[in-house]
Amino acid sequence: MRVRINGETREYRTVWMEEQNIHMIDQSLLPHRFEIFETRDHRETAEAIRNMTVRGAGAIGVTAAYGVTQAALQAPEERFEEFRTYVEEAARSLKATRPTAVNLSHAVDRCLNALEGCRSVAEGRKQVAEEAEKIAEEDLQASKRIGEYGNSLIKDGDGILTHCNAGALAFIDYGTALSPIRFAHEAGKRIRVFVDETRPRCQGARLTAWELLQEGIDHAVIVDNAAGYYMRRGDVQLVIVGADRIASNGDTANKIGTYEKAVLAKENRIPFYVAAPAMTFDLEARSGEDIPIEERSEEEVRWVWGMDEKGTESKVQITPEDSPALNPAFDITPARYVTAFITERGIICPPYEGNLKEDFGKGKRKI
Ligand code: RUB
């Protein structure tokens, strides 16, 4: 993605590996500071996923795959079976960091599956590292294809609403929901993006707005409760969101608040698209009921982080000291609200049960 800092423009991936270290854009500091965070081993990597230094379904999948690679490269064991046990242990802890986005467990399982048939530690290390790079490369190609397919749904002059951040930062580059928007912009279509702020962590206000600004795409941040107002006024022609896990019937888990945007879109006869690669489908989940929803700390609701007028970063409390809060990180949008899925294999329309092929959501469960 294009990043402009101090008058200089450079291309970055969200996450990449150099020797045994994983480098990632520190998403907890944006938009106020652009810094690269480095992890030196799989434990630090698991912590970076857990505390959301890196976040977004695709990005945490690739980061976890690199984390398994770190474990494979750094395993002290010399005998293959013990080496495998060490790597599986690390894989288990990486998988436990965030439960909803299935990309993470699919990516970890693919790296473990790469060990099948290996007979030496050296071979195991090579196979895991290659599989992780393959996942990163596939992510990149998938998001470009999603952009090309999704662009065909966007017309000159459209207003597009998006929720959370499903852009380059949520992937390796390009992203899912923002990829069609980027392609449409590059094709010269005049579009305007309505960016839901996405409380409590404000991935829309902080990350999506930052990305669109970097790309020079017309946008406005709106409070989460303003979406219906703009839909009803006729300012929004389509909604595109990403996904963290999609069940075989098309029920979709995405950032909390997605469900109500989908209901509002249907009420206002606005198409509601979910952009996601095959890796985000979990055909073993029969419906949304089978998708685990991550509950995060109530502190994220009670406190907000930002920059004051003097340019100092600070955290302020916005609730009474003793009020408890609830903080589900995702919700389920029933399939009947999803007009179509934009995937790297094309646009998939209902009925989803029949139209989602078995090879969606690859990653044979391993641990
Ligand atoms: C991110 C989120 C994004 C999806 C889509 O949640 O809900 O919309 O992950 O991402 P969080 P992708 O910020 O809690 O990780 O574009 O990677 O499919």
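Both counts, for ligands and for their atoms, begin at 1 and track the order of listing. Numbers here are sequence positions counted from 1. Computed from a predicted structure; not experimentally measured.
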Side chains of E353 and S248: closer than 4.5 Å at any heavy-atom pair?
-> yes
Counting distance only, does the side-chain N/O of K189 pair as donor-acceptor with the main-chain N or O of I154 below 3.5 Å?
-> yes
Note: heavy atom closest to atom 17 (O) of ligand 1, options A275, S179, A170, belongs to A170
Identify the closest protein heavy atom to atom 6 (O) of ligand 1: which residue and atom is it, and at what distance?
-> K255 CE, 3.3 Å
Please report which non-hydrogen protein atom sits nearest to atom 8 (O) of ligand 1, along with the residue it belongs to and the distance in Å to one decimal place.
-> N254 OD1, 2.7 Å
Can you pull out the closest protein heavy atom to atom 16 (O) of ligand 1? Residue, atom name and distance to 0.1 Å, please.
-> T176 OG1, 2.7 Å
Taking only heavy atoms of G58, which atoms of ligand 1 are found under 4.0 Å from at least one of them?
-> 17 (O)
Do E35 and M24 have side chains that get closer than 4.5 Å, going by heavy atoms?
-> no
With heavy atoms only and a cut-off of under 4.0 Å, state how M52 meets ligand 1: side chain, backbone, both or neither.
-> side chain
So which protein heavy atom does atom 18 (O) of ligand 1 come closest to, and at what separation?
-> A243 O, 3.4 Å
To which protein heavy atom is atom 1 (C) of ligand 1 closest, and what is the distance rounded to 0.1 Å?
-> R55 NH2, 3.3 Å
Ring centres under 6.0 angstrom apart (H32, W210) = no
Is atom CD1 of I5 surrounded by more than 12 heavy atoms (other residues, nucleotides or ligands) closer than 6.0 Å?
-> yes
Atoms in ligand 1 flagged as close to G56, the criterion being non-hydrogen separation under 4.0 Å | 9 (O), 15 (O), 17 (O)
Numbered in order shown, the ligand 1 atoms found under 4.0 Å of a heavy atom of F171 are 12 (P), 16 (O), 17 (O), 18 (O)
Please report which non-hydrogen protein atom sits nearest to atom 15 (O) of ligand 1, along with the residue it belongs to and the distance in Å to one decimal place.
-> R98 NH1, 2.8 Å
Please state which protein non-hydrogen atom is closest to atom 7 (O) of ligand 1 and give its distance, to 0.1 Å?
-> D244 OD1, 2.8 Å
Mark up the atoms of ligand 1 that fall under 4.0 Å of a heavy atom belonging to Q203, in ascending order.
-> 11 (P), 13 (O), 14 (O)
Report the nearest protein non-hydrogen atom to atom 10 (O) of ligand 1: residue, atom name, distance rounded to 0.1 Å.
-> A57 N, 3.6 Å
Crowded around E11 CD? As in, over 12 foreign heavy atoms under 6.0 Å?
-> yes
For the pair K95 and D109, evaluate salt bridge (charged side-chain N to carboxylate O under 4.0 Å, His left out) and give the outcome as yes or no after the intermediate values.
-> CA-CA 9 Å; K95 257 194 184 184; D109 286 334; 2.9 Å; yes
Verify whether the ring centers belonging to F272 and Y337 lie closer than 6.0 Å.
-> no
Proximity of N165 to ligand 1 by residue part, where a heavy atom lies under 4.0 Å | backbone
Is the shortest side-chain N to carboxylate O distance from D173 to R13 below 4.0 Å?
-> no
Is there a donor-acceptor contact under 3.5 Å linking the side chains of Q141 and E344?
-> no
